[in-house]
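What follows is one structure encoded as structure tokens, with my remarks underneath.
Per chain, numbering begins at 1; letters A, B, ... match sequence-line order. Basis for what follows: all heavy atoms, side chains included, without hydrogens, waters or symmetry-related copies.
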Amino acid sequence: MASGDSKIPVNVITGFLGSGKTTLLRHLLASPRLANTAVLINEFGEVGLDHLLLERLDEETIVLQSGCVCCTIRSDLVTAVRDLFSRRELGVIPPFDRLAVETTGLADPAPIVFTFMADPVIRHHFRLGNTIATVDAINGLLHLDQNPESMKQILVADRIALTKTDICDTEQTAAIKARLGRLNPSAPLVETAGGDFDPEDLLAADLHDPARKAEEVRRWLSGAEALADPTGEAGHTHRRLDVNRHSARIHAFCVTHDRPLDWTAFGVWLTMLLNRHGENVLRVKGILNVLDAPTPVVIHGVQHLIHPPTHLDSWPDGDRRSRIVFIVRDLDRATLERSLAAFNCLAEAGSKAA
Amino acid sequence: MCGLCGVLGAEDHWTDAAGSTRIFGNAGASRTRRQERLRRVAIGNKILAHYGLKLSDWQGSAYILRNRTGRQEIVHNLAALWPTAEALAGRRCDPLDPEVIAAMNRSG
């Protein structure tokens with residue numbers, strides 16, 4: 001099995017119909033750093049891609065027993081990725097060092113992410129890098145209001161590439177930027193119009209890059225804190241982020257827990273929460289102060305899928321409390337906080353009794 | 001697979017800390033995998049009691065979940081526990097239910 005550092009990074013490129021996914025991919029592939037990238041695409045669009053390692057996917061899915069969309073295996077993707085890898089190993093194709101998967105404009109990226117985490121062969125040779133969502137500055141707001149697929153793509157993204165800003169007025173660009181910042185405060189926004197951007201801004205500092213992951217976690221937290229209620233009226237232990245309520249249903253907030261968390265109790269709590277409310281917990285990202293662990297533990301997940309935890313060598317700032325950023329639909333922050341605290345108390349009571 | 005009992009080794013789950021000293025330091029080193037499982041069973045049972053269910057470890061590789069009528073199911077990890085618990089209890093297991101939170105606070 002390949003070690004974490006030698007696994008091939010995978011970037012999922014998602015975005016609504018006509019939002020500029022293929023154009024972004026073309027710009028990325030032109031950069032020397034990405035010349036050695038294999039590309040899987042769902043459809044050949046109007047923008048031609050001239051790349052050595054380009055293959056097409058057919059959208060075939062296998063719905064697992066749970067029946068939810070995010071836990072769906074994309075069988076076409078499994079076949080394509082396994083086939084690519086074996087041809088790479090046999091020397092039939094060049095030894096690519098990165099894989100980019102472009103989704104269709106209406107695709108939910110969660111099953112793609114799930115496939116890379118769940119398939120036993122693929123997950124031993126590939127690792128997920130940043131998921132990038134393209135958003136069209138001109139039509140982005142309209143897509144967000146009218147298409148749930150567009151909303152989901154943005155919530156799942158680790159980076160947002162804002163396209164077509166060169167043909168859009170500044171007011172409109174500012175409006176879409178503000179909306180995106182409220183929707184997914186932890187995803188940095190990069191303007192990519194005309195190819196005038198640094199690919200590193202989209203690809204680097206993912207959570208599996210040992211040298212840069214602290215930077216990524218710091219970015220999550222600062223993105224969340226930028227929206228925090230400056231009055232702190234929610235009480236001394238929690239930050240309010242629901243001032244960024246962008247609709248009646250989806251909102252982001254940060255739960256802060258003062259006392260060290262018992263990892264076993266946290267696992268029981270989060271699995272129970274995701275079983276019942278996974279459809280509505282769109283993202284969870286956090287840095288935890290785990291009881292007896294010397295360094296902070298980092299968790300992140302999309303709906304029911306939680307990535308294996310990782311750690312940072314040191315705290316990204318002076319704050320040693322557990323901070324978890326949630327993007328949820330129809331869930332209440334205060335209830336979530338009370339529930340986490342109650343479960344953690346259970347473990348504390350058990351430890352004292354023992 | 002275990003040569004004695006023929007049990008297939010369970011897949012790692014993100015909730016497993018035992019042995020992960022790189023991530024959890026002493027929290028991973030101070031407990032064996034079995035101790036961690038037993039602790040998980042103990043904490044799980046405090047919650048499952050609210051639904052009339054009882055969890056026990058099975059051979060260090062799976063868990064057995066029972067209801068009061070004696071129905072039992074084998075589950076392999078925490079993610080699989082909750083849908084099975086809901087099926088055996090015949091009701092939703094919701095950690096955000098105010099009654100459940102109140103019950104946890106009482107037993108904590």
Side-chain angles (χ1 to χ4, degrees), chain A residues 4 65-66 71 117-118 120 260-278 280 290-299 301 304-312 331-332 334-354, chain B residues 11-18 20-31 33 35-51 55 63 75 77-87 91-108:
Chain A
Q65 209 177 0
S66 69
C71 303
M117 285 169 64
L261 286 169
D262 181 281
W263 179 254
T264 309
F266 180 78
V268 170
W269 176 73
L270 191 57
T271 52
M272 190 176 178
L273 178 76
L274 295 179
N275 174 64
R276 179 83 336 259
H277 299 286
N280 294 325
V290 172
L291 197 66
D292 294 334
T295 52
V297 175
V298 177
I299 55 152
H304 297 111
L305 324 172
I306 300 291
H307 293 257
T310 175
H311 79 294
L312 295 184
L331 291 179
D332 169 53
T335 312
L336 234 138
E337 291 166 351
R338 276 199 298 276
S339 176
L340 172 61
F343 275 63
N344 203 44
C345 278
L346 272 186
E348 286 175 6
S351 309
K352 278 176 208 158
Chain B
E11 284 275 309
D12 286 343
H13 192 252
W14 69 265
T15 51
D16 295 328
S20 296
T21 47
R22 193 163 155 251
I23 297 169
F24 293 96
N26 284 337
S30 61
R31 288 191 193 113
R33 195 176 164 81
Q35 281 171 324
E36 184 182 42
R37 294 177 67 83
L38 293 176
R39 197 150 180 284
R40 188 174 294 138
V41 166
I43 293 173
N45 273 329
K46 288 185 186 176
I47 300 143
L48 291 163
H50 185 75
Y51 302 99
L55 185 70
Y63 302 95
V75 293
N77 56 42
L78 279 177
L81 168 68
W82 299 110
T84 312
E86 292 189 337
R91 56 192 278 213
R92 291 177 165 198
C93 298
D94 185 355
L96 304 183
D97 177 350
E99 266 186 43
V100 174
I101 295 174
M104 297 305 104
N105 282 329
R106 279 195 299 275
S107 54

So for [X], is it side chain, backbone, both, or neither that comes closer than 4.5 Å to the heavy atoms of chain B?
X: A:P309; answer: both
X: A:T335; answer: both
X: A:H277; answer: side chain

(Q) Please determine whether side chain to side chain contact (heavy atoms under 4.5 Å, CB included) holds for the pair B:W82 and A:V268, giving the CA-CA distance in whole Å, both sets of side-chain angles, and the decisive distance to 0.1 Å. (A) CA-CA 9 Å; B:W82 299 110; A:V268 170; 3.7 Å; yes
Nearest-0.5 Å distance that lies between atom [atom1] in [X] and atom [atom2] in [Y]:
X: A:N344; Y: B:M104; atom1: CG; atom2: CE; value: 13.5 Å
X: A:N275; Y: B:D94; atom1: CG; atom2: CG; value: 9.5 Å
X: A:L340; Y: B:L96; atom1: CG; atom2: CG; value: 10.5 Å
X: A:C345; Y: B:I101; atom1: SG; atom2: CD1; value: 12.0 Å
X: B:R40; Y: A:T271; atom1: CZ; atom2: OG1; value: 8.5 Å

Residue pair [X] / [Y]: nearest heavy atoms and the distance that separates them:
X: B:P95; Y: A:S339; answer: O-OG, 2.8 Å
X: A:A347; Y: B:I43; answer: CB-CD1, 3.8 Å
X: B:K46; Y: A:L346; answer: NZ-O, 3.0 Å

**Q.** Ion pair check, B:D97 and A:R276, cut-off under 4.0 Å
**A.** no
Q.
Between B:R39 and A:D262, does the side chain to side chain contact (heavy atoms under 4.5 Å, CB included) criterion hold? Intermediate values first, please.
A. CA-CA 11 Å; B:R39 197 150 180 284; A:D262 181 281; 2.6 Å; yes
Q: Would you check if the distance from the ring center of A:W263 to the ring center of B:W14 is below 6.0 Å?
A: yes
Q) Got more than 12 heavy atoms from elsewhere within 6.0 Å of CZ, B:R91? A) yes
Q: Among B:L81, B:V100, B:I47, single out the residue with the greatest number of heavy-atom pairs under 4.5 Å to chain A.
A: B:I47
